[in-house]
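As the structure is a computational prediction, the values presented were derived from the model and not from experiment. Here is the naming used below: chain letters follow the sequence lines, and residue numbers restart at 1 for every chain.
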Number of protein chains: 2
Amino acid sequence: MKWTELEENWCPVARTLTLVGDRWTLLILRDCFLGSSKFEEFAANTGATRHIISSRLKRLVEAGILERKLYVERPKRYEYLLTEKGREFGPALMTFRDWGKKHLPVRRSASAAKG
Amino acid sequence: MKWTELEENWCPVARTLTLVGDRWTLLILRDCFLGSSKFEEFAANTGATRHIISSRLKRLVEAGILERKLYVERPKRYEYLLTEKGREFGPALMTFRDWGKKHLPVRRSASAAKG
DNA sequence: TTGCTAGAGTTCCAAAATGGAACTGAAATC
DNA sequence: GATTTCAGTTCCATTTTGGAACTCTAGCAA
């Protein structure tokens with residue numbers, strides 16, 4: 001079954017996953033919640049390629065989760081801001097954060113810094 | 001950046017995503033919460049290919065989220081059960097469910113069946 | 001004893017997605 | 001004029017997916 005067919009699935013979890021159930025989208029949203037809004041920030045903070053960032057931002061805007069807003073007229077510069085719909089995804093990210101903190105502690109070598 | 005490199009990421013959301021941040025894993029976990037435990041059930045309920053089901057179950061078992069348990073001796077038959085670590089992922093699925101129910105209602109044509 | 005069914009996978013190949021790097025375009029700054 | 005910044009796009013090789021067929025063990029039926 002193709003991934004996009006899940007859009008009409010009876011299960012709301014499946015439908016949600018058609019938007020955020022890929023390898024980078026949730027990391028972009030995490031960045032948004034941490035204050036990022038620029039293309040370059042997403043690229044730098046997530047580690048995803050510019051190609052991926054571009055396609056994911058498009059999808060998130062189309063879905064009404066982010067809003068693409070002009071913030072410099074010349075040259076045209078856009079930023080991406082969470083909509084109300086996007087902000088309501090916050091609790092989901094928090095459950096991921098909490099689960100990760102509890103169950104996937106970072107294995108660090110003796111000399112590794114905390115950051 | 002390669003996806004697997006996120007395993008050691010400072011961010012617990014990113015680390016969580018290395019396990020469940022792909023196109024089908026969360027759907028398999030949803031099935032587990034709804035009572036499924038067999039390979040064939042996952043294949044039928046998620047719509048993912050057997051190939052994918054196989055690789056995802058391996059990863060979930062390796063991560064300690066599911067337990068692979070023999071339930072028929074001859075021929076060998078295995079089922080997959082949520083561990084405590086896996087059960088603690090429940091709240092995350094519920095946030096996805098709630099967000100999807102609220103923001104992604106199913107557009108159904110007049111004749112569309114419920115299944 | 002040949003044939004069908006069931007469960008749990010594996011294998012193969014084509015199609016789609018991803019990773020990495022370079023390139024574009026507009027304007028500000030050196 | 002050259003370099004830098006931001007926001008993308010393009011190209012190509014590598015990975016991952018999607019789909020279907022195949023394997024292996026064993027029960028059951030004719």
Side-chain angles (χ1 to χ4, degrees), chain A residues 1-9 14 17-29 31-32 35-63 66-81, chain B residues 1-9 14 17-29 31-32 35-63 66-81:
Chain A
M1 177 192 273
K2 268 170 231 152
W3 186 248
T4 49
E5 289 174 40
L6 290 177
E7 274 176 27
E8 304 279 326
N9 197 278
L17 287 171
T18 61
L19 289 178
V20 302
D22 67 87
R23 281 173 147 40
W24 297 106
T25 301
L26 282 179
L27 244 32
I28 292 177
L29 286 181
D31 271 15
C32 291
S36 297
S37 66
K38 313 289 167 54
F39 187 99
E40 300 293 332
E41 291 177 309
F42 298 132
N45 297 339
T46 63
T49 62
R50 317 174 67 71
H51 189 90
I52 299 287
I53 300 291
S54 177
S55 79
R56 296 308 186 271
L57 287 175
K58 277 195 183 84
R59 187 160 72 201
L60 289 169
V61 168
E62 194 181 353
L66 296 181
E67 176 198 2
R68 185 169 181 259
K69 198 180 160 194
L70 192 70
Y71 75 98
V72 172
E73 264 295 345
R74 302 181 57 79
K76 301 271 190 207
R77 292 280 182 262
Y78 298 93
E79 66 181 337
Y80 297 85
L81 304 173
Chain B
M1 175 192 272
K2 268 170 231 152
W3 187 248
T4 50
E5 289 174 40
L6 290 177
E7 274 176 26
E8 303 279 326
N9 197 277
L17 287 171
T18 60
L19 289 178
V20 301
D22 67 87
R23 283 176 143 44
W24 297 105
T25 302
L26 282 180
L27 244 33
I28 292 177
L29 285 181
D31 271 14
C32 292
S36 296
S37 67
K38 313 288 168 53
F39 187 98
E40 300 293 333
E41 291 176 308
F42 299 131
N45 298 338
T46 64
T49 63
R50 316 174 67 72
H51 188 90
I52 299 287
I53 300 291
S54 177
S55 78
R56 296 307 186 273
L57 287 175
K58 276 196 182 82
R59 187 160 73 203
L60 289 168
V61 168
E62 193 180 354
L66 297 180
E67 176 198 3
R68 184 168 183 261
K69 199 180 160 192
L70 191 70
Y71 75 98
V72 172
E73 264 293 346
R74 303 179 58 80
K76 301 271 190 207
R77 294 281 182 261
Y78 298 93
E79 66 181 337
Y80 296 85
L81 304 173

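Spacing between atom CD of B:E40 and atom P of D:dT25 amounts to 17 Å, rounded to whole angstrom units. Put simply, CG on B:D22 is 14 Å from C1' on C:dT18, counting in whole angstrom units. Rounded to an integer number of Å, the gap from OH of B:Y78 to P of D:dT25 is 13 Å. Regarding A:I53, its CD1 atom lies at a distance of 13 Å from the P atom of D:dT9, rounded to whole Å. What separates CZ of B:R59 from P of C:dG9 is a distance of 16 Å, to the nearest Å. Across the protein-nucleic acid pair, B:L66 atom CG and C:dA8 atom C1' stand 16 Å apart, rounded to whole Å. Protein atom CG of A:L6 is 14 Å distant from nucleotide atom P of D:dT17, rounded to whole Å. Residue A:F39 contributes atom CZ, which lies 12 Å from atom P of D:dC6 at whole-angstrom precision.
Taking side-chain N and O atoms only, A:K58 has a distance below 4.0 Å to OP1 or OP2 of D:dT9. Distances shown here put every side-chain N or O of B:Y80 at or beyond 4.0 Å from the OP1 or OP2 atom of C:dG7.
The two residues A:N45 and A:S36 make their nearest non-hydrogen contact at ND2-OG, 3.1 Å. Residues B:M1 and B:L6 share a closest heavy-atom pair of SD-CD2, 3.7 Å. Here the closest heavy-atom approach between residue A:F42 and residue A:I28 is recorded as CE2-O, 3.9 Å.
Heavy-atom contacts from other residues, nucleotides or ligands closer than 6.0 Å to CD of B:E5 number more than 12.
Comparing atom distances between the A:Y71 side chain and each of C:dT18, D:dC6, D:dT17 picks out D:dC6 as nearest.
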Q.
For a side chain to side chain contact (heavy atoms under 4.5 Å, CB included) check, start with the C-alpha distance between A:D31 and A:Y80, then their side-chain angles and the critical distance, and finish with the verdict.
A. CA-CA 11 Å; A:D31 271 15; A:Y80 297 85; over 6 Å; no

Q. Where along nucleotides 19-30 of chain C does protein come under 4.0 Å, by heavy atom, of base (B) or sugar-phosphate alone (S), with - for untouched nucleotides?
A. BB-B--BBS---

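The closest side-chain heavy-atom distance from B:T46 to B:R56 is not below 4.5 Å. Between B:L17 and A:R23 the shortest side-chain heavy-atom distance does not fall below 4.5 Å.
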